[in-house]
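Both counts, for ligands and for their atoms, begin at 1 and track the order of listing. Throughout, numbering of the chain's residues begins at 1 and tracks the sequence.
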Amino acid sequence: MRPLIVIGNWKLNGSLARNQDWVKAVAHGMESGIPSGRKFAVCPPFPYLQQCAQLIKEHSLAFLNLGAQDASAHSSGAYTGEVSASMLTELGCTYVIVGHSERRLLHHEIDEVGAAKALQVLDHGMTPVICVGETADERNSGRAEAIVCGQVAKQVNVLQDRLADCLIAYEPVWAIGTGKVASAQVAQDMHRAIRLRLAEFDEDVASHVGILYGGSVKPDNAIELFAMPDIDGGLVGGASLNPQEFLAICQA
Ligand code: PGA
């Protein structure tokens, strides 16, 4: 049985004061009970990881894991501006997002770079959240499934059975930050296609890997999305900035 996982991705948002209020509000909201059999995480920007780790500890939010939004494909050396997986482990991260479409688009990251980052993350005992997804043009031209399964195949080539320790996030690019959520059925169909593609490699891996949906997840669409048999939770951007919305999605 795969657990339901909700991961908040703050992207380039937050401040020392705002983060403090967010953690306080989440701690308060969870006082009435934490849904069992679920996992939760939040991915603040790098400079706030240590602060958030400290706040999580202060508020005894053991159920809330810490994640990072990226990691270097290299372990150390002359890579100005990069952050290594070993540094993220030291700060208490459990999850690391790799290959997000914003990294692909704005930083020209290709699948192979995402896979190299995922290997670094795995080597340091954390869980990579590998993002895949098609653009609006790719969907409109009927190539969505081929594009996404092609992205998954590249991860399979590099990661092989280590994929069993990864999460995949299906994030249609046209749904990210646009308010245009994929319908639960459209998302389910793609999640199923991803799982079938993984099963071509290894059926056991396919049945174990959690596949999260991302792209305009909100409290009012989370229930229907999470009820789908191949959707194992959500990677939540905009709505995770609001503690009440994040909590509502965690409880959906
Ligand atoms: P969104 O972002 O929820 O704001 O659409 C999701 C993501 O990019 O992970």
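Each of Glu82, Arg103, His107 was checked for a side chain to side chain contact (heavy atoms under 4.5 Å, CB included) with Asp70, and the lone residue meeting it is Arg103.
Between Lys218 and Ala239, the shortest heavy-atom contact is CD-CB, 4.3 Å. The minimum heavy-atom distance between Ile194 and Cys149, with the atom names listed, is N-SG, 4.5 Å. Taking both residues in full, the closest heavy atoms of Ala85 and Gln120 are given as CB-O, 3.6 Å, listed atom of the first, atom of the second, then distance.
Put simply, no part of Lys218 is less than 4.0 Å from ligand 1, judged by heavy atoms.
For ligand 1, the atoms sitting less than 4.0 Å from at least one non-hydrogen atom of Gly237 are 1 (P), 2 (O), 3 (O), 4 (O), 6 (C), numbered in the order shown with element in parentheses. Near Leu235, meaning under 4.0 Å from one of its heavy atoms, ligand 1 places the atoms 6 (C), 9 (O). Of all the atoms in ligand 1, the ones that sit under 4.0 Å from a non-hydrogen atom of Glu171 are 6 (C), 7 (C), 8 (O), 9 (O). Each of the following atoms of ligand 1 lies closer than 4.0 Å to a heavy atom of Asn9: 9 (O). Within ligand 1, counting atoms from 1 as listed, the ones closer than 4.0 Å to a heavy atom of Gly215 are 5 (O). Atoms of ligand 1 found under 4.0 Å from any heavy atom of Gly238 (numbered from 1 in listed order, with element): 1 (P), 3 (O), 4 (O). Heavy-atom contacts of Ala175 reach the following atoms of ligand 1: 5 (O) (cutoff under 4.0 Å).
Taking any N or O of Gly214, backbone or side chain, none lies under 3.5 Å from an N or O belonging to ligand 1. On a distance-only criterion, Gly177 and ligand 1 share at least one N/O pair closer than 3.5 Å.
A ring-centre distance under 6.0 Å is not found for Tyr48 and Trp10.
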Walk me through whether Lys11 and Glu102 qualify under salt bridge (charged side-chain N to carboxylate O under 4.0 Å, His left out).
CA-CA 10 Å; Lys11 308 191 180 185; Glu102 286 150 14; 2.8 Å; yes
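When the heavy-atom distances from atom 8 (O) of ligand 1 to Glu102, Lys180, His100 are ranked, the shortest goes to His100. In the candidate list Ala239, Ser240, Ser216, Ser216 is nearest to atom 1 (P) of ligand 1, counting heavy atoms.
For NE2 of His28, the number of neighbouring non-hydrogen atoms (other residues, nucleotides, ligands) closer than 6.0 Å is 12 at most.
Residue, atom and distance of the protein heavy atom nearest to atom 2 (O) of ligand 1 are Lys11 NZ, 3.2 Å.
Between the side chains of Gln151 and Asp111, not a single donor N or O lies within less than 3.5 Å of an accepting N or O.
Taking the six-membered ring for Trp and thresholds of 30 and 60 degrees, Trp22 and Phe246 have ring planes inclined between 30 and 60 degrees apart.
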